[in-house]
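So the structure is just underneath, and the comments pick up after that.
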Amino acid sequence: MKKMYDIMEEAEEVILHTYNRFPVVLERGDGVWLQDTEGKKYLDFGAGIAVFALGYHYPGYDDALKGQIDKLIHTSNLYYNEPMGEAAAKLVRASGMSRVFFTNSGTEAIEGAIKAARKYAWNKDGCTDHEIIAMNHSFHGRSVGALSVTGNPHYQEAFKPLMGGVRFADFNDLDSVKAQVTDKTCAIIMETVQGEGGIYPADREFLQGVKDICEEKDILLILDEIQCGMGRTGSMFAWQDYGVQPDIMTCAKALGCGVPVGAFVLNEKTAASSLVPGDHGTTYGGNPFACAAVSKVLDIFEQDKIVEHVREITPYLEQKLDELAERKQCIAGRRGKGLMQGLVIQGQPVGEAVKKALENGLIVISAGSDVLRLVPPLVITKEDVDEMIVRLEKSL
Ligand SMILES: *Cc1c(COP(=O)(O)O)cnc(C)c1O
């Protein structure tokens with residue numbers, strides 16, 4: 001125990017206190033299991049917040065990274081490197097979109113998407129007062145631009161003034177979006193499945209309706225796939241199941257499966273008339289180490305049919321969760337898509353349930369004020385689902 005408390009204490013003395021962490025020091029991972037410094041094991045249905053899509057030490061992944069470390073891990077964007085082009089080509093192929101800009105995180109992908117949309121509109125009319133419509137209860141990141149389109153006043157309040165020109169509408173309410181459209185609207189941004197806000201998938205009619213508005217008025221549709229993308233919902237990108245392709249898509253989280261990397265991806269129309277040399281940049285973005293990870297991850301997804309596995313295992317997970325909900329009074333309902341599931345918890349704080357689960361060796365996360373979120377590695381088996389249900393049931 002000494003070691004664990006020493007590590008926690010040391011961190012608390014020098015790390016800026018922006019998180020109330022659980023009293024656990026994680027040390028190693030294996031498959032879908034994590035182990036702390038005391039040797040206690042946890043079944044991981046959080047995946048580092050939807051990051052470890054392949055679990056820990058997936059065959060071939062570590063070697064790909066080690067191989068790149070031995071060659072070169074950084075070049076800057078003044079020069080070419082091979083993994084960057086390879087990773088981008090695979091992302092283009094997986095999305096059917098056109099061009100990729102690699103970032104270091106999700107929030108930076110959002111910043112880039114916002115800049116690309118504003119530049120596209122500026123190219124058309126030269127005006128500098130364009131507006132973006134974003135959704136209430138959305139989450140797009142913590143940097144100021146991304147925070148400005150995040151529909152959560154609690155996150156925004158102390159940091160005002162934020163970026164101007166943002167209007168908010170209600171997710172899954174087409175009329176409320178229409179009411180915010182003006183001649184100045186350059187983009188509509190939303191998560192295809194809202195994550196932090198409480199696991200709300202977009203309704204089909206809603207997403208199609210927004211797409212129709214965008215096409216009619218040449219407004220860009222930005223879909224944030226940072227959490228719901230990369231196979232999690234049973235399609236490589238959640239929008240593919242809706243048949244609604246965005247003009248700009250943002251990715252991060254599972255894109256590198258643990259290596260910090262994000263991207264914004266443009267369709268041809270947007271790429272042809274937005275950011276050009278001098279408009280946007282990053283020192284690290286697209287570096288060969290991060291891109292070797294992306295490249296390998298996309299290879300594994302294709303070769304090992306990860307998305308197909310998600311589609312196969314989803315009905316089992318949903319059935320087991322629904323049965324649990326019937327047994328447990330405190331579960332008011334289930335929402336979600338694929339391996340992005342939320343249980344609505346009533347009569348007890350969701351934080352308590354998450355803490356209890358941790359004590360019982362199960363990692364789950366909360367979302368919104370009352371939702372218990374399950375975003376496991378995409379490689380879970382039926383046995384993992386059964387084990388999760390046993391541990392969760394004990395925790396509620
Ligand atoms: C996590 C998340 C972000 C922010 O990504 P960071 O890498 O934490 O900056 C943005 N959008 C969505 C939907 C997310 O889930």
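Whatever order the structure lists them in is the order used to number ligands and atoms, beginning at 1.
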In the protein, which heavy atom is nearest to atom 9 (O) of ligand 1, and how far is it?
-> Thr107 N, 2.8 Å
Output yes when a side-chain donor or acceptor of Asn267 lies under 3.5 Å from a complementary backbone atom of Met97, and no otherwise.
-> no
Minimum-distance protein heavy atom relative to atom 6 (P) of ligand 1 = Gly106 N, 3.5 Å
Ignoring angles and geometry beyond distance, decide whether Glu191 reaches within less than 3.5 Å of ligand 1 through its nitrogen or oxygen atoms.
-> no
How are the rings of Phe264 and Phe101 set relative to one another: parallel (under 30°), tilted (30 to 60°) or perpendicular (over 60°)?
-> parallel
Any atoms of ligand 1 less than 4.0 Å from a non-hydrogen atom of Gln227? List them with their elements.
-> 15 (O)
Keeping the roles fixed (side chain from Arg335, backbone from Ile199), state whether a donor-acceptor pair exists under 3.5 Å.
-> yes
Please determine if Ala252 has a nitrogen or oxygen closer than 3.5 Å to a nitrogen or oxygen of ligand 1.
-> no
Give the residue and atom name of whichever protein heavy atom lies nearest to atom 11 (N) of ligand 1, and the separation in Å to one decimal.
-> Asp224 OD2, 2.7 Å
Does Lys211 reach the main-chain N or O of Gln245 with its side chain, forming a donor-acceptor pair under 3.5 Å?
-> yes
Are Phe171 and Phe206 close enough that their ring centers fall under 6.0 Å?
-> yes
What residue and heavy atom of the protein are closest to atom 1 (C) of ligand 1, and at what distance?
-> Lys253 NZ, 1.5 Å
Does Asp299 come within less than 4.0 Å of Lys90, counting only side-chain N to carboxylate O?
-> yes
